[in-house]
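All of these numbers come straight from a predicted model, not from anything done at the bench. Just so you know, residue 1 is the first one in the sequence shown, and it goes up from there.
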Amino acid sequence: MSHVVTPLDQPSNYKDSQARVDRHKQNELLSKSTTLYLGNLSFYTTEEQIYELFTKCASAEDGGGIKRIIMGLDRNTRTPCGFCFVEFYTHGEALASMRYVSGTKLDERIIRCDLDLGYKEGRQFGRGKSGGQVRDEHRQDYDPGRGGWGAQAQRMEIERRREVEERYADAQDVPGAVAGGGGDWKEAESDPVLKRGRSPDDEGDNMRSGQRLRMEDEVESERM
C-alpha cells in the first residue's frame, strides 16, 4: 500500500513565487530545510499558541526545539494576516511537525504546513494590494477569522457608500431642497406641545367669559 498512499511528510507543490531557483534546486533545499510555512491561520492566533502546538513535535532535550517563530504581518497595518514561519533546529523536527500537525485545527481552523526554502527578511509581510495575503484579496466569502469579507469586496462596499453620500450631497444643492437635511421638520417633530393659532371663535368666547365675570361681580356687590 506504500505506493498508493502519499506519505504525509512529503512537501507539497507550495513554492515561494519570488524565489529565484528552479525545481531541482528547490527540492535540494527542501530536503535540508528546517523551516515550515503555516497557512490558513486566524488573524487572532498568537505566537504563544503556535509555540505550544509545535513544541509537541520538537526535541529540545536532544539539542533541537523551536528556534524562532516569525508572524506574517499586514504590510500597511503591521497586524497579523494569517500566516507565519516556524524555524526548528533540525530537519527531522520540521518533517515531524508537518506530518503530525498539518491538517489539524488551531483556533477552530484547519491549518496547512509546508516545508519552506528558508525565511528571509521581508517575507513576513503580505503581498496583496491591500497589504495582506493575496488569497484574501479576491475572497468572496465572509470569514470572521480573516477580517470578514475579502479586501476587494470591502473596497467595493466603501466605494458604493461614497457614491451614495455624493448623490445625497448633490441632492441638497438642488433648488427647492430642504436646507440642512430637513432640520426645520426635525425641530417641529421634537417639540411635543404645538400651539394652535387664535380664531374669531376664540375671541368671542373670551368676550362672553369677561361679561359673565362682570355680572357675577355686580351680583356679589349687591348682596353685600
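Panel note: side chain Arg68, backbone Phe88; no donor-acceptor pair is recorded below 3.5 Å. Under a 3.5 Å cut-off, the side chain of Asn40 and the backbone N or O of Gly82 do not form any donor-acceptor pair. Without hydrogens or angle criteria, Glu165 side chain to Arg162 main chain gives no donor-acceptor distance under 3.5 Å. Thr55 contributes no side-chain N or O that, together with a main-chain N or O of Ala58, makes up a donor-acceptor pair within less than 3.5 Å. Judged by distance alone, with hydrogens and angles left aside, the side-chain atoms of His91 form a donor-acceptor pair with the main-chain N or O of Ser33 at under 3.5 Å.
For the pair Leu38 and Arg112, the minimum side-chain heavy-atom distance is 4.5 Å or more. Leu117 is listed as a side-chain neighbour of Gln26, based on a closest heavy-atom distance under 4.5 Å.
The hydrophobic cluster containing Ile111 also contains Tyr51, counting ILVMFWY residues as joined when their side-chain heavy atoms lie under 4.5 angstrom apart, directly or transitively. Using a 4.5 Å cut-off between side-chain heavy atoms of Ile, Leu, Val, Met, Phe, Trp and Tyr, with links allowed through other members, Val134 and Phe83 fall into different hydrophobic clusters. In the hydrophobic clustering of ILVMFWY residues, with side-chain heavy atoms under 4.5 Å counting as a link, Phe54 and Met71 come out together. Hydrophobic clustering (ILVMFWY, side-chain heavy atoms < 4.5 Å, transitive): Tyr89 and Leu95 are in distinct clusters. Note: the hydrophobic cluster containing Leu73 does not contain Phe43 (ILVMFWY, side chain heavy atoms under 4.5 Å, direct or indirect links).
Distance check: His24 NE2 to Leu29 CG gives 10.0 Å after rounding to the nearest 0.5 Å. To the nearest 0.5 angstrom, Ile66 atom CD1 is 11.0 Å from Glu87 atom CD. Here the CD atom belonging to Glu47 is positioned 8.5 Å from the SG atom belonging to Cys84, to the nearest 0.5 angstrom.
Residue-environment remark: CD (Glu52) stays at or below the threshold of 12 foreign heavy atoms within 6.0 Å. Other residues, nucleotides and ligands contribute only 12 or fewer heavy atoms inside 6.0 Å of the OH atom of Tyr100.
Checked by atom type, the side-chain pair Glu28/Ser31 shows no donor-acceptor distance below 3.5 Å.
Applying the ring pair (Phe, Tyr, Trp, His ring centres under 6.0 Å) test to Tyr142 and every residue at least two apart in sequence or in another chain returns Trp149.
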Should Thr45 and Asp107 be marked as a side chain to side chain donor-acceptor pair (under 3.5 Å) after you check the CA-CA gap, both sets of side-chain angles, and the distance that decides it? CA-CA 7 Å; Thr45 299; Asp107 267 351; 2.7 Å; yes
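Sorted by first and then second residue, the salt bridge (charged side-chain N to carboxylate O under 4.0 Å, His left out) pairs with a member in residues 140-154 read Arg109-Asp143, Asp136-Arg146, Arg139-Asp141; sequence neighbours excluded.
Looking at Glu137 and Lys129, no side-chain N of the basic residue comes within less than 4.0 Å of a carboxylate O on the acidic one, giving no salt bridge.
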